[in-house]
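What you see is a predicted model; the values in this text were computed from it and never measured.
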Amino acid sequence: MSALQQLGRGLNVALGRGLLGLAAAQTSRAFGSTPSIQRDAAGHILPHGGELKNLMVKDDAAKQNLIASCKHQQECSDRNACDVELLSVGGFSPLTGFMNHDVYENVVKNMRLPTSNLIFGLPVVMDTNNENLKEGERVLLTYKGQKLGVLEVESKWVPNKARETKECYLTSSLEHPGVQMVAMERGKYYLGGKLWGFELPKRVFPCASPEEVRAMLPPKQDVVVFQCRNPVHRAHYELFTRALHAPNVRAGAVCLVHPTCGPTQDDDIPGIVRYHTYEVLKAEVQNPAIKWAYLPYSMHMAGPREAIQHMLIRKNYGCTHFIVGRDMAGSKSCLSGEDFYGIYDAQNFAKQHAPELGMQTVPSADVVYTEEQGYVTADVAKKEGLHIKKLSGTKFRQMLRAGEDIPEWFAFKSVVKVLREHSQGAAN
(Lines give C-alpha, C1' and ligand atoms only; values in the text may rest on other atoms or scores of the structure.)
Protein backbone atom coordinates (compact mmCIF):
# COMPACT_ATOMS: atom_id res chain seq x y z
CA MET A 1 0.00 0.00 0.00
CA SER A 2 1.34 3.44 -0.92
CA ALA A 3 1.94 6.23 1.57
CA LEU A 4 -1.08 8.06 0.12
CA GLN A 5 -3.36 5.10 0.71
CA GLN A 6 -1.92 4.68 4.18
CA LEU A 7 -2.50 8.35 4.84
CA GLY A 8 -6.13 8.12 3.78
CA ARG A 9 -6.74 5.29 6.19
CA GLY A 10 -4.86 7.08 8.96
CA LEU A 11 -6.91 10.23 8.46
CA ASN A 12 -10.16 8.34 8.60
CA VAL A 13 -9.08 6.73 11.86
CA ALA A 14 -7.43 9.70 13.53
CA LEU A 15 -9.62 12.51 12.22
CA GLY A 16 -12.87 10.61 11.84
CA ARG A 17 -13.45 8.25 14.71
CA GLY A 18 -10.26 8.97 16.62
CA LEU A 19 -8.78 11.90 18.39
CA LEU A 20 -11.11 14.51 16.96
CA GLY A 21 -13.94 12.78 18.75
CA LEU A 22 -12.70 13.26 22.29
CA ALA A 23 -15.65 13.67 24.61
CA ALA A 24 -16.81 17.23 25.09
CA ALA A 25 -16.03 18.75 28.46
CA GLN A 26 -19.63 18.81 29.52
CA THR A 27 -20.21 15.09 29.13
CA SER A 28 -19.89 12.72 32.06
CA ARG A 29 -16.98 10.82 30.55
CA ALA A 30 -14.92 13.95 29.89
CA PHE A 31 -13.27 14.06 33.30
CA GLY A 32 -11.38 11.45 35.17
CA SER A 33 -11.23 11.76 38.93
CA THR A 34 -8.72 14.33 40.12
CA PRO A 35 -5.96 12.48 41.96
CA SER A 36 -3.15 14.38 43.60
CA ILE A 37 0.03 14.30 41.53
CA GLN A 38 2.88 12.76 43.53
CA ARG A 39 6.13 14.47 42.53
CA ASP A 40 9.84 13.79 43.00
CA ALA A 41 12.43 16.20 44.38
CA ALA A 42 12.84 17.77 40.93
CA GLY A 43 9.13 18.55 40.77
CA HIS A 44 8.22 15.91 38.18
CA ILE A 45 5.59 13.22 38.60
CA LEU A 46 6.92 10.08 40.27
CA PRO A 47 7.47 7.17 37.86
CA HIS A 48 5.21 4.13 37.96
CA GLY A 49 6.26 2.24 41.07
CA GLY A 50 8.23 5.19 42.46
CA GLU A 51 11.51 5.14 40.51
CA LEU A 52 12.88 4.77 37.01
CA LYS A 53 14.59 1.43 36.40
CA ASN A 54 17.49 2.20 34.08
CA LEU A 55 19.02 -1.15 33.07
CA MET A 56 21.88 0.16 30.94
CA VAL A 57 25.35 -1.22 31.74
CA LYS A 58 28.06 1.40 31.25
CA ASP A 59 31.15 -0.52 32.32
CA ASP A 60 32.83 -2.18 29.31
CA ALA A 61 34.39 -4.94 31.38
CA ALA A 62 31.02 -5.84 32.87
CA LYS A 63 29.55 -5.97 29.38
CA GLN A 64 32.26 -8.32 28.15
CA ASN A 65 31.78 -10.60 31.17
CA LEU A 66 28.06 -10.76 30.52
CA ILE A 67 28.58 -11.51 26.83
CA ALA A 68 31.08 -14.26 27.71
CA SER A 69 28.50 -15.86 30.00
CA CYS A 70 25.96 -16.27 27.20
CA LYS A 71 25.35 -19.71 25.72
CA HIS A 72 22.93 -18.44 23.12
CA GLN A 73 22.38 -15.53 20.79
CA GLN A 74 19.04 -14.33 19.45
CA GLU A 75 18.24 -11.72 16.83
CA CYS A 76 15.44 -9.41 17.91
CA SER A 77 12.49 -8.51 15.73
CA ASP A 78 11.57 -4.83 15.34
CA ARG A 79 8.97 -5.30 18.06
CA ASN A 80 11.43 -7.08 20.36
CA ALA A 81 13.93 -4.25 19.88
CA CYS A 82 11.33 -1.68 20.96
CA ASP A 83 10.60 -3.67 24.12
CA VAL A 84 14.30 -4.08 24.91
CA GLU A 85 14.82 -0.34 24.51
CA LEU A 86 11.87 0.64 26.69
CA LEU A 87 12.97 -1.81 29.38
CA SER A 88 16.58 -0.61 29.23
CA VAL A 89 15.77 3.10 29.61
CA GLY A 90 13.02 2.70 32.20
CA GLY A 91 10.00 3.25 29.97
CA PHE A 92 8.44 0.07 31.38
CA SER A 93 9.35 0.84 35.00
CA PRO A 94 9.10 -0.80 37.47
CA LEU A 95 10.07 -3.82 35.33
CA THR A 96 13.73 -4.89 35.46
CA GLY A 97 13.43 -7.40 32.65
CA PHE A 98 10.96 -9.36 30.60
CA MET A 99 8.05 -10.72 32.62
CA ASN A 100 8.48 -14.17 34.13
CA HIS A 101 5.74 -16.76 33.80
CA ASP A 102 3.98 -15.91 37.06
CA VAL A 103 4.08 -12.18 36.33
CA TYR A 104 2.84 -12.76 32.79
CA GLU A 105 -0.08 -14.85 34.00
CA ASN A 106 -1.12 -12.26 36.57
CA VAL A 107 -0.90 -9.38 34.10
CA VAL A 108 -2.87 -11.29 31.47
CA LYS A 109 -5.61 -12.26 33.91
CA ASN A 110 -5.68 -9.38 36.40
CA MET A 111 -3.77 -6.54 34.68
CA ARG A 112 -1.51 -6.32 37.73
CA LEU A 113 2.04 -7.12 38.80
CA PRO A 114 1.73 -9.90 41.40
CA THR A 115 4.01 -8.67 44.19
CA SER A 116 3.35 -4.94 44.19
CA ASN A 117 -0.22 -5.19 42.81
CA LEU A 118 0.64 -2.27 40.51
CA ILE A 119 -1.56 -1.94 37.46
CA PHE A 120 0.05 -2.95 34.15
CA GLY A 121 -1.90 -2.97 30.90
CA LEU A 122 -0.24 -5.63 28.75
CA PRO A 123 2.44 -8.32 29.20
CA VAL A 124 6.03 -7.57 28.14
CA VAL A 125 7.73 -10.78 26.99
CA MET A 126 10.54 -12.01 24.78
CA ASP A 127 9.58 -14.78 22.37
CA THR A 128 11.72 -17.49 20.79
CA ASN A 129 11.62 -20.72 18.79
CA ASN A 130 14.91 -21.91 20.25
CA GLU A 131 14.28 -25.41 21.60
CA ASN A 132 17.75 -25.66 23.17
CA LEU A 133 17.57 -22.56 25.33
CA LYS A 134 17.06 -23.52 28.98
CA GLU A 135 16.09 -21.74 32.17
CA GLY A 136 19.15 -20.49 34.03
CA GLU A 137 21.04 -19.71 30.83
CA ARG A 138 21.82 -16.33 29.34
CA VAL A 139 21.16 -15.16 25.81
CA LEU A 140 22.78 -12.28 23.94
CA LEU A 141 20.11 -10.16 22.27
CA THR A 142 21.24 -8.73 18.93
CA TYR A 143 19.56 -6.44 16.41
CA LYS A 144 20.85 -5.59 12.96
CA GLY A 145 24.48 -5.99 13.94
CA GLN A 146 24.14 -4.45 17.41
CA LYS A 147 24.44 -6.10 20.80
CA LEU A 148 21.40 -4.72 22.63
CA GLY A 149 21.88 -6.61 25.87
CA VAL A 150 21.80 -9.87 27.77
CA LEU A 151 18.74 -11.69 29.07
CA GLU A 152 19.03 -14.15 31.94
CA VAL A 153 16.32 -16.71 31.30
CA GLU A 154 14.55 -17.24 34.59
CA SER A 155 11.48 -18.82 33.00
CA LYS A 156 10.57 -20.37 29.67
CA TRP A 157 7.10 -21.55 28.81
CA VAL A 158 4.61 -22.25 26.06
CA PRO A 159 1.95 -19.56 26.45
CA ASN A 160 -1.73 -20.08 25.96
CA LYS A 161 -1.97 -17.49 23.20
CA ALA A 162 -5.71 -17.90 22.76
CA ARG A 163 -6.29 -17.01 26.42
CA GLU A 164 -3.72 -14.19 26.31
CA THR A 165 -5.37 -12.53 23.35
CA LYS A 166 -8.89 -13.06 24.68
CA GLU A 167 -7.96 -11.35 27.95
CA CYS A 168 -5.73 -8.58 26.57
CA TYR A 169 -7.40 -7.82 23.22
CA LEU A 170 -10.89 -8.99 24.24
CA THR A 171 -10.87 -11.27 21.20
CA SER A 172 -8.89 -14.25 19.95
CA SER A 173 -9.95 -13.70 16.36
CA LEU A 174 -7.22 -13.53 13.73
CA GLU A 175 -9.18 -10.69 12.20
CA HIS A 176 -7.57 -8.49 14.88
CA PRO A 177 -4.04 -7.24 14.01
CA GLY A 178 -2.78 -7.69 17.57
CA VAL A 179 -4.01 -11.27 17.68
CA GLN A 180 -2.30 -11.89 14.36
CA MET A 181 0.94 -10.55 15.84
CA VAL A 182 0.76 -12.79 18.92
CA ALA A 183 -0.34 -15.89 17.02
CA MET A 184 1.67 -15.55 13.83
CA GLU A 185 4.71 -13.37 14.53
CA ARG A 186 5.75 -14.44 18.00
CA GLY A 187 7.63 -17.66 18.56
CA LYS A 188 6.50 -20.85 20.28
CA TYR A 189 8.04 -20.00 23.66
CA TYR A 190 8.08 -16.95 25.89
CA LEU A 191 11.12 -15.99 27.94
CA GLY A 192 11.24 -13.98 31.15
CA GLY A 193 14.07 -12.75 33.31
CA LYS A 194 16.50 -10.01 34.21
CA LEU A 195 17.80 -7.78 31.42
CA TRP A 196 21.09 -5.92 31.11
CA GLY A 197 21.05 -3.23 28.44
CA PHE A 198 24.18 -2.45 26.39
CA GLU A 199 23.14 -0.14 23.58
CA LEU A 200 19.95 1.21 22.11
CA PRO A 201 18.76 0.36 18.59
CA LYS A 202 20.18 2.76 16.02
CA ARG A 203 17.31 4.62 14.42
CA VAL A 204 16.96 7.32 11.79
CA PHE A 205 14.98 9.25 14.40
CA PRO A 206 16.16 9.79 18.00
CA CYS A 207 14.02 8.47 20.84
CA ALA A 208 14.74 10.40 24.04
CA SER A 209 14.80 8.33 27.23
CA PRO A 210 12.48 9.03 30.18
CA GLU A 211 15.35 10.80 31.95
CA GLU A 212 16.02 12.96 28.89
CA VAL A 213 12.36 13.85 28.38
CA ARG A 214 11.92 14.69 32.06
CA ALA A 215 14.94 17.01 31.85
CA MET A 216 13.25 19.08 29.13
CA LEU A 217 9.93 19.37 30.98
CA PRO A 218 9.28 22.26 33.36
CA PRO A 219 9.25 21.22 37.04
CA LYS A 220 6.12 21.49 39.15
CA GLN A 221 3.95 21.97 36.06
CA ASP A 222 1.25 19.85 34.48
CA VAL A 223 2.38 17.94 31.39
CA VAL A 224 -0.38 16.94 28.98
CA VAL A 225 0.67 14.19 26.59
CA PHE A 226 -0.69 13.73 23.08
CA GLN A 227 -0.26 10.19 21.78
CA CYS A 228 -0.57 9.61 18.05
CA ARG A 229 0.59 7.31 15.30
CA ASN A 230 -0.31 9.47 12.30
CA PRO A 231 0.80 12.85 10.94
CA VAL A 232 -0.46 15.86 12.88
CA HIS A 233 -2.87 18.08 10.97
CA ARG A 234 -4.61 21.33 11.87
CA ALA A 235 -7.42 19.70 13.81
CA HIS A 236 -4.98 17.67 15.92
CA TYR A 237 -3.02 20.82 16.68
CA GLU A 238 -6.18 22.61 17.74
CA LEU A 239 -7.06 19.66 19.91
CA PHE A 240 -3.87 19.41 21.94
CA THR A 241 -3.29 23.16 22.24
CA ARG A 242 -6.85 23.60 23.53
CA ALA A 243 -6.24 20.77 26.00
CA LEU A 244 -3.72 23.01 27.78
CA HIS A 245 -6.66 25.17 28.83
CA ALA A 246 -8.85 22.33 30.09
CA PRO A 247 -10.45 22.90 33.50
CA ASN A 248 -8.31 20.26 35.21
CA VAL A 249 -5.01 21.55 33.73
CA ARG A 250 -3.20 24.30 35.61
CA ALA A 251 -1.90 27.49 34.03
CA GLY A 252 1.66 27.16 32.76
CA ALA A 253 1.21 23.59 31.57
CA VAL A 254 2.99 22.20 28.52
CA CYS A 255 1.94 19.59 25.99
CA LEU A 256 4.28 16.75 25.08
CA VAL A 257 3.57 15.47 21.57
CA HIS A 258 4.88 11.92 21.94
CA PRO A 259 4.15 9.82 18.84
CA THR A 260 4.82 6.11 18.69
CA CYS A 261 7.34 5.48 15.92
CA GLY A 262 7.71 1.71 16.27
CA PRO A 263 5.73 -0.96 14.38
CA THR A 264 1.97 -0.40 14.28
CA GLN A 265 -0.47 -1.91 11.77
CA ASP A 266 0.79 -3.09 8.42
CA ASP A 267 -1.12 -0.40 6.53
CA ASP A 268 -0.12 2.51 8.78
CA ILE A 269 2.22 5.22 7.53
CA PRO A 270 5.88 4.17 8.07
CA GLY A 271 7.59 5.53 11.17
CA ILE A 272 10.23 7.44 9.20
CA VAL A 273 7.53 9.32 7.26
CA ARG A 274 5.69 10.18 10.45
CA TYR A 275 8.93 11.36 12.03
CA HIS A 276 9.66 13.72 9.14
CA THR A 277 6.18 15.24 9.34
CA TYR A 278 6.61 15.89 13.06
CA GLU A 279 10.01 17.47 12.60
CA VAL A 280 8.89 19.95 9.95
CA LEU A 281 5.80 20.82 11.96
CA LYS A 282 7.88 21.41 15.08
CA ALA A 283 10.04 23.84 13.09
CA GLU A 284 7.00 25.54 11.59
CA VAL A 285 4.97 26.21 14.73
CA GLN A 286 7.85 26.85 17.18
CA ASN A 287 5.41 26.87 20.07
CA PRO A 288 7.25 27.00 23.43
CA ALA A 289 4.28 25.33 25.14
CA ILE A 290 4.66 22.26 22.89
CA LYS A 291 7.46 19.77 23.52
CA TRP A 292 8.30 16.96 21.11
CA ALA A 293 9.77 13.49 21.60
CA TYR A 294 9.42 10.06 20.00
CA LEU A 295 8.49 6.76 21.61
CA PRO A 296 10.02 3.45 20.44
CA TYR A 297 6.85 1.53 21.20
CA SER A 298 5.23 -1.28 19.25
CA MET A 299 1.47 -0.77 18.97
CA HIS A 300 -0.82 -3.70 19.85
CA MET A 301 -4.13 -2.06 18.87
CA ALA A 302 -5.47 -3.45 22.16
CA GLY A 303 -8.02 -0.72 22.83
CA PRO A 304 -8.83 -0.19 26.52
CA ARG A 305 -5.90 -2.14 27.96
CA GLU A 306 -3.45 -0.43 25.64
CA ALA A 307 -4.72 2.93 26.92
CA ILE A 308 -3.48 1.86 30.37
CA GLN A 309 -0.14 0.78 28.88
CA HIS A 310 0.31 4.16 27.22
CA MET A 311 -0.58 6.00 30.40
CA LEU A 312 1.90 4.21 32.63
CA ILE A 313 4.65 4.59 30.02
CA ARG A 314 3.96 8.33 29.70
CA LYS A 315 3.93 8.63 33.48
CA ASN A 316 7.48 7.27 33.40
CA TYR A 317 8.32 9.95 30.84
CA GLY A 318 7.06 12.67 33.19
CA CYS A 319 3.48 13.25 32.01
CA THR A 320 0.71 14.07 34.46
CA HIS A 321 -2.28 14.26 32.09
CA PHE A 322 -3.25 12.03 29.18
CA ILE A 323 -5.52 12.82 26.22
CA VAL A 324 -7.55 9.71 25.47
CA GLY A 325 -9.21 9.78 22.07
CA ARG A 326 -12.36 8.01 21.07
CA ASP A 327 -11.56 4.41 20.18
CA MET A 328 -7.93 4.90 21.19
CA ALA A 329 -5.69 2.05 19.96
CA GLY A 330 -8.78 0.55 18.37
CA SER A 331 -8.90 -1.60 15.28
CA LYS A 332 -11.31 -3.07 12.79
CA SER A 333 -11.79 -6.60 11.56
CA CYS A 334 -9.73 -7.22 8.46
CA LEU A 335 -12.73 -9.09 7.01
CA SER A 336 -15.89 -7.30 8.07
CA GLY A 337 -14.53 -3.87 8.92
CA GLU A 338 -16.39 -3.96 12.23
CA ASP A 339 -14.82 -2.25 15.24
CA PHE A 340 -13.52 -4.49 17.99
CA TYR A 341 -14.16 -1.90 20.71
CA GLY A 342 -16.81 0.65 21.50
CA ILE A 343 -15.86 4.24 20.71
CA TYR A 344 -15.78 5.20 24.39
CA ASP A 345 -14.36 1.96 25.84
CA ALA A 346 -10.77 3.22 26.07
CA GLN A 347 -11.87 6.61 27.43
CA ASN A 348 -14.01 5.08 30.15
CA PHE A 349 -11.35 2.51 31.06
CA ALA A 350 -8.69 5.21 31.31
CA LYS A 351 -10.97 7.39 33.42
CA GLN A 352 -11.69 4.46 35.73
CA HIS A 353 -8.02 3.68 36.38
CA ALA A 354 -6.52 7.20 36.25
CA PRO A 355 -6.70 7.73 40.05
CA GLU A 356 -4.79 4.52 40.69
CA LEU A 357 -2.16 5.57 38.16
CA GLY A 358 -1.90 8.96 39.86
CA MET A 359 -2.66 10.69 36.56
CA GLN A 360 -5.56 12.62 35.06
CA THR A 361 -7.38 12.28 31.80
CA VAL A 362 -7.98 15.50 29.87
CA PRO A 363 -11.33 16.55 28.45
CA SER A 364 -11.24 18.10 25.01
CA ALA A 365 -13.89 19.39 22.71
CA ASP A 366 -14.84 17.93 19.36
CA VAL A 367 -13.34 20.61 17.13
CA VAL A 368 -14.59 21.42 13.63
CA TYR A 369 -13.61 24.02 11.06
CA THR A 370 -16.22 26.62 10.11
CA GLU A 371 -16.30 29.19 7.32
CA GLU A 372 -17.24 31.99 9.71
CA GLN A 373 -15.04 31.47 12.75
CA GLY A 374 -12.39 28.91 11.85
CA TYR A 375 -11.96 26.13 14.40
CA VAL A 376 -14.62 26.01 17.08
CA THR A 377 -16.18 23.27 19.16
CA ALA A 378 -18.92 21.26 17.50
CA ASP A 379 -21.51 22.40 20.03
CA VAL A 380 -20.73 26.06 19.28
CA ALA A 381 -20.98 25.44 15.54
CA LYS A 382 -24.36 23.79 16.00
CA LYS A 383 -25.67 26.44 18.39
CA GLU A 384 -24.67 29.35 16.15
CA GLY A 385 -25.60 27.67 12.87
CA LEU A 386 -22.09 27.90 11.46
CA HIS A 387 -21.11 26.26 8.18
CA ILE A 388 -18.74 23.34 8.80
CA LYS A 389 -16.14 22.50 6.18
CA LYS A 390 -15.00 18.91 5.74
CA LEU A 391 -12.39 17.09 3.71
CA SER A 392 -12.45 13.31 3.63
CA GLY A 393 -9.35 11.18 3.74
CA THR A 394 -10.15 9.84 0.30
CA LYS A 395 -10.45 13.33 -1.17
CA PHE A 396 -7.28 14.46 0.58
CA ARG A 397 -5.40 11.49 -0.89
CA GLN A 398 -6.71 12.29 -4.36
CA MET A 399 -5.65 15.92 -4.03
CA LEU A 400 -2.18 14.92 -2.89
CA ARG A 401 -1.79 12.54 -5.80
CA ALA A 402 -2.97 15.16 -8.29
CA GLY A 403 -0.68 17.83 -6.89
CA GLU A 404 -3.61 20.05 -6.00
CA ASP A 405 -3.41 22.68 -3.28
CA ILE A 406 -4.48 21.38 0.11
CA PRO A 407 -6.50 23.90 2.14
CA GLU A 408 -4.40 25.30 4.96
CA TRP A 409 -7.30 24.98 7.36
CA PHE A 410 -6.97 21.22 6.96
CA ALA A 411 -3.22 20.54 6.85
CA PHE A 412 0.06 22.33 7.44
CA LYS A 413 1.96 23.08 4.24
CA SER A 414 5.17 21.64 5.67
CA VAL A 415 3.46 18.34 6.49
CA VAL A 416 1.83 18.12 3.06
CA LYS A 417 5.21 18.70 1.42
CA VAL A 418 6.78 15.79 3.31
CA LEU A 419 3.89 13.46 2.51
CA ARG A 420 4.12 14.34 -1.19
CA GLU A 421 7.85 13.76 -1.26
CA HIS A 422 7.57 10.35 0.39
CA SER A 423 4.64 9.37 -1.80
CA GLN A 424 6.55 10.27 -4.95
CA GLY A 425 9.59 8.40 -3.68
CA ALA A 426 7.49 5.29 -3.01
CA ALA A 427 5.94 5.50 -6.47
CA ASN A 428 9.37 5.70 -8.08
Side-chain angles (χ1 to χ4, degrees), residues 39-40 42-49 51-58 76 78-95 124 143-144 146 148-149 195 197-232 236 240 253-264 270-299 309-323 359:
R39 299 181 182 271
D40 60 19
H44 297 122
I45 188 172
L46 284 172
H48 196 46
E51 64 175 317
L52 288 176
K53 300 292 186 179
N54 190 312
L55 310 181
M56 298 297 290
V57 178
K58 297 181 179 179
C76 292
D78 290 341
R79 293 182 183 271
N80 293 152
C82 286
D83 288 343
V84 171
E85 179 168 359
L86 283 174
L87 283 168
S88 296
V89 300
F92 280 137
S93 294
L95 300 185
V124 181
Y143 180 66
K144 298 182 178 179
Q146 292 182 266
L148 298 188
L195 176 71
F198 293 170
E199 56 181 322
L200 304 180
K202 294 177 181 176
R203 306 181 186 279
V204 293
F205 48 86
C207 292
S209 70
E211 291 178 350
E212 292 168 336
V213 171
R214 284 169 170 264
M216 72 183 192
L217 298 175
K220 301 180 181 179
Q221 295 290 351
D222 290 343
V223 179
V224 181
V225 64
F226 178 75
Q227 143 68 25
C228 58
R229 68 177 210 275
N230 287 288
V232 172
H236 300 113
F240 60 70
V254 298
C255 177
L256 175 66
V257 181
H258 203 207
T260 53
C261 288
T264 57
I272 182 60
V273 180
R274 285 177 269 147
Y275 164 69
H276 285 159
T277 65
Y278 304 137
E279 284 295 293
V280 295
L281 181 57
K282 177 171 66 173
E284 179 175 344
V285 299
Q286 295 190 33
N287 187 337
I290 309 299
K291 308 297 181 182
W292 301 77
Y294 306 104
L295 184 70
Y297 176 80
S298 168
M299 289 290 294
Q309 198 84 335
H310 278 289
M311 289 178 74
L312 71 88
I313 291 172
R314 276 16 184 272
K315 182 180 181 181
N316 287 330
Y317 278 83
C319 302
T320 60
H321 294 64
F322 193 89
I323 301 173
M359 299 179 72

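- With a 4.5 Å cut-off on side-chain heavy atoms, His48 and Pro94 count as touching.
- Leu281 CG to Gln286 CD: the interatomic distance, rounded to the nearest 0.5 Å, is 11.0 Å.
- Applying the salt bridge (charged side-chain N to carboxylate O under 4.0 Å, His left out) test to every pair with at least one member in residues 208-226, sequence neighbours left out, gives these pairs: Arg39-Asp222, Asp40-Arg214, Asp222-Arg250.
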Problem - Leu52 and Asn316: CA distance, side-chain angles, deciding distance, side-chain contact (heavy atoms from CB on, under 4.5 Å) verdict - result: CA-CA 7 Å; Leu52 288 176; Asn316 287 330; 4.0 Å; yes
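- The side chain to side chain contact (heavy atoms under 4.5 Å, CB included) check on Pro219 picks up His44, with sequence neighbours excluded.
- Shown here are the side chain to side chain contact (heavy atoms under 4.5 Å, CB included) partners of Met56, two or more places apart in sequence or in another chain: Asn54, Ser88, Leu200.
- Annotation: side chain of Pro259 is not in contact with side chain of Arg274 (no heavy-atom distance under 4.5 Å).
- Here salt bridge (charged side-chain N to carboxylate O under 4.0 Å, His left out) pairs that include residues 309-319, with residues two or more places apart or in two chains, number zero.
- A distance of 7.0 Å separates SG in Cys261 from OH in Tyr294, rounded to the nearest 0.5 Å.
- The closest side-chain heavy-atom distance from Cys207 to Tyr275 is not below 4.5 Å.
- None of Tyr317, Phe322, Phe226 except one satisfies the ring-ring contact (aromatic ring centres under 6.0 Å, His included) rule with His258; the exception is Tyr317.
- Counting all heavy atoms, side chain and backbone alike, Cys319 lies closest to Met359 at O-CE, 3.4 Å.
- One finds the SG atom of Cys255 at 5.5 Å from the CZ atom of Phe240 (value rounded to the nearest 0.5 Å).
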Handout entry: Intermediate values then yes/no, side-chain contact (heavy atoms from CB on, under 4.5 Å), His236 and Cys228
Key = CA-CA 9 Å; His236 300 113; Cys228 58; over 6 Å; no
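- By the side chain to side chain contact (heavy atoms under 4.5 Å, CB included) test, Asp83 pairs with Phe92, Phe98, Val124, sequence neighbours left out.
- When all heavy atoms are compared, the tightest approach of Gly90 to Pro210 is C-CG, 4.0 Å.
- In this structure, CD1 on Ile45 lies 11.0 Å from CG on Leu217, to the nearest 0.5 angstrom.
- With a 4.5 Å cut-off on side-chain heavy atoms, Val232 and Thr277 do not count as touching.
- At a threshold of 4.0 Å, the pair Arg203-Asp78 does not count as salt-bridged, since none of the basic side-chain nitrogens sits closer than that to a carboxylate oxygen.
- Between Cys76 and Ala81, the shortest heavy-atom distance links the atoms CB-N, 4.0 Å.
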Exercise for the section: In sequence, state the C-alpha distance, the side-chain angles, and the governing distance for Glu279 and His276, and then conclude on side-chain contact (heavy atoms from CB on, under 4.5 Å). Expected result: CA-CA 5 Å; Glu279 284 295 293; His276 285 159; 5.7 Å; no
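- Checked by atom type and distance alone, the side chain of Gln146 pairs as donor or acceptor with a backbone atom of Lys202 at under 3.5 Å.
- Atom CD of Gln227 sits about 5.5 Å away from atom CE of Met299, to the nearest 0.5 Å.
- Ala289 meets the side chain to side chain contact (heavy atoms under 4.5 Å, CB included) test with Leu244, Asn287; sequence neighbours excluded.
- Side-chain atoms of Leu256 and Val213, non-hydrogen and from C-beta on, do get closer than 4.5 Å to each other.
- A pairwise comparison of heavy atoms in Ala253 and Gln221 identifies N-OE1, 4.0 Å as the closest pair.
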Exercise for the section: For side-chain contact (heavy atoms from CB on, under 4.5 Å), just list the numbers for Thr260 and His310, CA-CA rounded to whole Å, side-chain angles, deciding distance to a tenth of an Å, and then say yes or no. Expected result: CA-CA 10 Å; Thr260 53; His310 278 289; 3.7 Å; yes
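- Expressed to the nearest 0.5 Å, how far CG of Leu295 lies from CG of Leu86 amounts to 5.5 Å.
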